[in-house]
Protein chains: 2
Amino acid sequence: MQRTIHGRPYEQTEAGPKFRPCAPHDVLARLGDKWTILVVSHLAIAEGHRLRFSELKRGIEGITQRMLTLTLRNLERDGLLTRHCFAEVPPRVEYELTEMGDSLLPALAGFTAWIRDNWPRLEACRRAFDEAQRQDS
Amino acid sequence: MQRTIHGRPYEQTEAGPKFRPCAPHDVLARLGDKWTILVVSHLAIAEGHRLRFSELKRGIEGITQRMLTLTLRNLERDGLLTRHCFAEVPPRVEYELTEMGDSLLPALAGFTAWIRDNWPRLEACRRAFDEAQRQDS
DNA sequence: CCGGATCCCAGTCGATACTG
DNA sequence: CAGTATCGACTGGGATCCGG
């Protein structure tokens, strides 16, 4: 039997509930990596949703050339980003959010609000837990 | 100057936009790990938002004892879960979503909808990209 | 039944150096 | 300017065995 929870489909089997492989996990795993969200955010607030490599690199503190390259490649692979390459000297490459990439951040708005509301409590819980942990040891 | 994009706060500095450390990244990184979402989902559809260790283990295909233990510990640390330990023989431990943990999934509803709508296109983009990649090589 | 302890691998990320 | 190549540290996660 096919049901849904919080917009998420799953099947009720005899052995128990089974979630579909379409799981948010793949997307979350990408978004959860170290730089992706920052890159998308910077592009989202840029005019034309478009920035060149060096602008992104300057804007994101601590990112290395290598990681920026990899992050951009992955976003391009998922169709969230397009690469505009100009054969000039010196070379210039611009990255632009696709329509799909542009719709990603707004879709996260509800979650962002949740984080804003719960972050302090969550951090407090962590500290309390770690504190209790150190007592035992 | 303090601004906001898609509910996400950032500062506009001379050097460019700077996002606050409160970034969703910490939470996303946890949610993006291999099992967290599945555990939370199973608890969310359980009656009383409550399941015991072995029920979770049976319900989540492929998870090992070790990973289930770690995932539950992390959720407990963040205050999304409480552990109810019964000193019986054989021992019994139940895990229950806290109010905060319970509010997490609904907060993700918008994002879940986005995934449902865009997943096919995203997968198609991946395949196309990988295909083009093999041509070049 | 619940989970801690140990070993190991594969993937992620940083640092550095080099190229068109 | 915008990458690629290489090396090494660290870590998430699986397999297995052990203990209360």
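We name chains A, B, ... by the order of the sequence lines, and we start the count at 1 in each one.
Rounded to an integer number of Å, the gap from CD of A:E88 to C1' of C:dG20 is 15 Å. Atom CD in A:E94 sits roughly 9 Å away from atom P in D:dA2 (whole-Å rounding). Distance B:E55 CD to C:dC2 C1': 13 Å, rounded to the nearest Å. Look at CZ on A:R52: it is 7 Å from C1' on D:dC1, rounded to the nearest Å. Regarding A:L68, its CG atom lies at a distance of 17 Å from the C1' atom of C:dT16, rounded to whole Å.
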query = Which letters describe nucleotides 3-14 of chain D, given B = protein heavy atom under 4.0 Å from base, S = only from sugar-phosphate, - = neither?
reply = BB-B------BB

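Using cut-offs of 30° and 60° on the angle between ring planes, the pair B:Y10 and B:F19 is tilted.
Side-chain contact between B:W35 and B:L70 is absent, with no heavy-atom pair separated by less than 4.5 Å. Proximity of A:S103 to B:W114: side-chain heavy atoms (C-beta onward) are separated by under 4.5 Å at one or more points.
For A:T36 and A:D33, the side-chain atoms include at least one donor-acceptor pair closer than 3.5 Å. For the residue pair B:R83 / B:Y95, a side-chain donor-acceptor distance below 3.5 Å is found, with atom types taken as modelled.
Dashed line: the shortest gap from a side-chain N or O of B:S54 to OP1 or OP2 of C:dC1 is not under 4.0 Å.
For the pair A:R77 and B:F129, the cation-pi criterion (under 6.0 Å, within 45° of the ring axis) is not fulfilled.
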